[in-house]
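One structure is given below, encoded as structure tokens.
Any value given below was found using the heavy atoms of this structure, including those in side chains, with hydrogens, waters and symmetry copies removed. The sequence lines fix the lettering, A, B, ..., with proteins before strands; numbering per chain opens at 1.
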Amino acid sequence: MSAPLLEVENLTVEYAVGDRPVVAVRDVSFAIGEGEVFGLAGESGCGKSTIAMAVLRLLKEPARVTSGSIRFAGEDVLGMGEAALRRYRWRRAAMVFQSAMNSLNPVLTIGEQLGDVFTTHEGATRREARTRSAELLELVGIDASRLRSYPHQLSGGMRQRVVIAMASALRPALLVMDEPTTALDVVVQQEIMAQIQRLQRERGFSVLFITHDMSLMVELSDRIAVMYAGRVVELGAAGRVFDQPEHPYTKSLMSAFPPLHGPRVELVGLADRVRAAGGMSDGCGFHLVCPSDRSDCSTSIPDLREFESGHWVARSGSTGAVRAATTTPVPATNGAGQ
Amino acid sequence: MRFVLRRLGFYAIAFWVSITLNFMLPRLMPGDPVSRMLTQSGARLEPDQVEQLRRLFGLDERPVVEQYLSYVASIFRGEMGVSISRFPTPVSEVISSQIGWTMLLGLTALVVAAVIGTVLGALAAWRRGGFLDSALPPVLVFVGSFPYFWLAMGALYLFGVTLGWFPLRHAFDVGVVPEWSAPFAANVATHLVLPALTIVLVSVGGWMLGMRNAMIATASEDYITMAEAKGLRRGRIMVRYAARNALLPSVTSFGMSLGFIVGGALLTEVVFAYPGVGYQLLASVQALDFPLMQGIFLTITAAVLIANFLVDLVYVRLDPRVRVS
């Protein structure tokens, strides 16, 4: 049984604004196995993109990792030197950014931007780089003649496919995708997701998939984690979390999306009464809607506890055999909770 | 290509408008140069001599349309009339004897200031908050806000009079015959140092700040983060991704400045007694030398238009987005 590919342990990220730092991510732990698609869900501002940036060590001032560790195949990412970091980026872990429109340089051709991945990391000549870039474009269904195009000459969907091609260029073991389809319409979204799924199946890389679209996420992911106010509040197998969410926040998030099939249901907004009232709170805004047999979470969000095998929930109180989380929640395939 | 042709058409129209304005302005103003010339020289001229002078300056009694047509025709033949203050030297000769020095001085100062300022700005923005970024801009802005003539005279006094490193006036030593040779070029270069240096000193801060700000805006673009995530070298990201894009506004202002070089650097020319168009323009205004004024204005206009056209051409190379409309 191999160790997980990516291990994030007790990660805390702060944004130092003024003299009171804002904690964007607090004490988050998860692990992604090889070939696993791991989904990270949550509303805007809950810290999911910050985690993505931290995994590739792209956080800039004023953001700071204040504690915790990130290990990639056993190697400490946060401790890498500049040269090691450049080798780690893109060759081993690549990323597709939120804004497809803006992640390509407007004054360089697609070919130049695809090619410099090969010339930088593999010492390829310009000609080799061009040939391989052409192959990459064909892989995502774009004609090789587009290498000479500039980003503004492509549609949004094409641009995002170019970025995906770019991300898979060096066959990285991990692909971080931060809301890869946000700015696209539904039809194009579907095409892009199908493309990603096909690539993932062919090449077997792991994916850290970030979105707030729960139905999309459940369709794609093996396991998912739900984030709320910088903390993971629920983590488990995708189908299980989707069908029977345990945490009240997960429940709200699920019911905030209209289902594509089935009968019409009334949609419910996220009932975070504490924050909606304008109060900043370290506690869980959902303690008001929690069943009364659980203890009070109005002052802090509790740590994850294993609710049942492979299913972790951040709540106190006792329903079922709850066990304190002493280890990193590891992939179900690796036999967590044995 | 269609883009270039369209720009060319635009500049042709702009040029036509400026010729027309140039034709109209003196005719709308009160007073006429011939009568002024008469009083100035104190010479007694026969009425038919006055009439000849009038015709020479294009101030005859022909209908305005006819005057206009012959004016435009003479412009295209390169004839801009005869200077009044330096009668009977043709205007084109007066301008061409000085425009070379003006362009030498202006171009040297502009290129040096723009290149140094842009490189400093890019480096400062890239190492934001570093020594270059925190120390240099205030110093340069401080220097740049001195009254120019004060700075120029200070430099002249220090390096010219006290230290004697550089000559005090003119574009080359009196008595030296202009020729294409190394000693003459060296002579011209030593005369160029102080005037060019003072211009560079006051203008380099602007170039640096402009580039620095554009670069900082560019550095927060997503494609810079993407380039970083791609594991590219820092130097390559700075040059190919950040500076390349941040350069575009600087190219525009470079083109604008390029056109205005021809107008001359008046104060520099006065302080360093440097032969140039700026000084000539001042003199022609004082002497009410309309043909010379018109000639200089027209030259400046043409230079600005040509420089802008060149920038357009360069822009097409630098920014693919302007190629499609």
Side-chain angles (χ1 to χ4, degrees), chain A residues 49 52-53 55-61 80 82-110 112-122 148-154 159 162-163 166-167 169-170 172 175-176 178 183, chain B residues 1-3 118 122 124-130 133-134 211 214-252 254 311-325:
Chain A
S49 292
M53 300 292 265
V55 166
L56 273 155
R57 246 184 78 183
L58 288 170
L59 290 174
K60 290 198 191 86
E61 289 290 324
M80 282 179 185
E82 192 157 333
L85 188 61
R86 277 206 295 114
R87 280 195 301 275
Y88 162 68
R89 284 175 179 167
W90 225 251
R91 178 178 279 287
R92 306 174 70 187
M95 181 160 176
V96 176
F97 287 88
Q98 205 162 9
S99 44
M101 307 296 163
N102 305 329
S103 47
L104 294 172
N105 187 337
V107 302
L108 296 182
T109 61
I110 301 299
E112 282 174 275
Q113 298 185 59
L114 275 169
D116 63 9
V117 169
F118 297 117
T119 49
T120 304
H121 288 279
E122 308 203 321
R148 280 201 306 268
S149 299
Y150 289 92
H152 71 272
Q153 293 167 320
L154 306 181
R159 265 183 263 185
V162 168
V163 174
M166 208 179 277
L170 301 175
L175 198 56
V176 178
D178 188 2
Chain B
M1 212 58 240
R2 253 183 60 221
F3 170 79
T118 304
W126 200 240
R127 307 208 183 288
R128 204 174 164 188
D133 190 31
S134 40
M211 183 62 184
M215 186 94 170
I216 284 173
T218 311
S220 61
E221 291 281 351
D222 288 339
Y223 54 79
I224 301 291
T225 315
M226 174 87 173
E228 229 174 287
K230 272 158 82 176
L232 304 184
R233 276 172 214 94
R234 296 261 308 159
R236 184 177 167 84
I237 299 175
M238 180 178 106
V239 176
R240 288 291 277 170
Y241 284 77
R244 171 77 166 68
N245 297 45
L247 201 59
L248 296 174
S250 288
V251 170
T252 309
F254 184 82
V311 169
D312 277 348
L313 289 186
V314 173
Y315 231 89
V316 171
R317 287 287 316 144
L318 286 182
D319 191 347
R321 284 166 295 182
V322 301
R323 278 176 225 169
V324 288
S325 45

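Per-residue heavy-atom pair counts under 4.5 Å with chain B were compared for A:Asp116, A:Leu56, A:Thr119, and the maximum is reached by A:Asp116. Among the candidates A:Glu82, A:Arg57, A:Met95, A:Met166, the residue making the largest number of heavy-atom pairs closer than 4.5 Å to chain B is A:Met166. Ranking B:Met226, B:Arg234, B:Lys230, B:Glu228 against chain A, the residue ahead of the rest is B:Lys230, based on heavy-atom pairs under 4.5 Å.
Closest approach of B:Gly231 to A:Thr120, counting heavy atoms only: O-CG2, 3.8 Å. Taking every heavy atom of both residues into account, B:Pro320 and A:Pro106 meet most closely at CG-O, 3.5 Å.
Using a 4.5 Å cut-off between heavy atoms, B:Leu318 touches chain A through its backbone atoms (N, CA, C, O) alone. Of the two parts of A:Gln113, the backbone and the side chain both hold a non-hydrogen atom closer than 4.5 Å to a non-hydrogen atom of chain B. With a 4.5 angstrom heavy-atom cutoff, B:Arg240 touches chain A via backbone and side-chain atoms both.
Taking the side chain as every heavy atom from C-beta outward, B:Thr225 and A:Met53 approach each other to under 4.5 Å. Side-chain contact between A:Leu108 and B:Tyr241 is present, with at least one heavy-atom pair separated by less than 4.5 Å.
When the shell of 6.0 Å around CZ of B:Arg128 is examined, it contains 12 or fewer heavy atoms from other residues, nucleotides or ligands.
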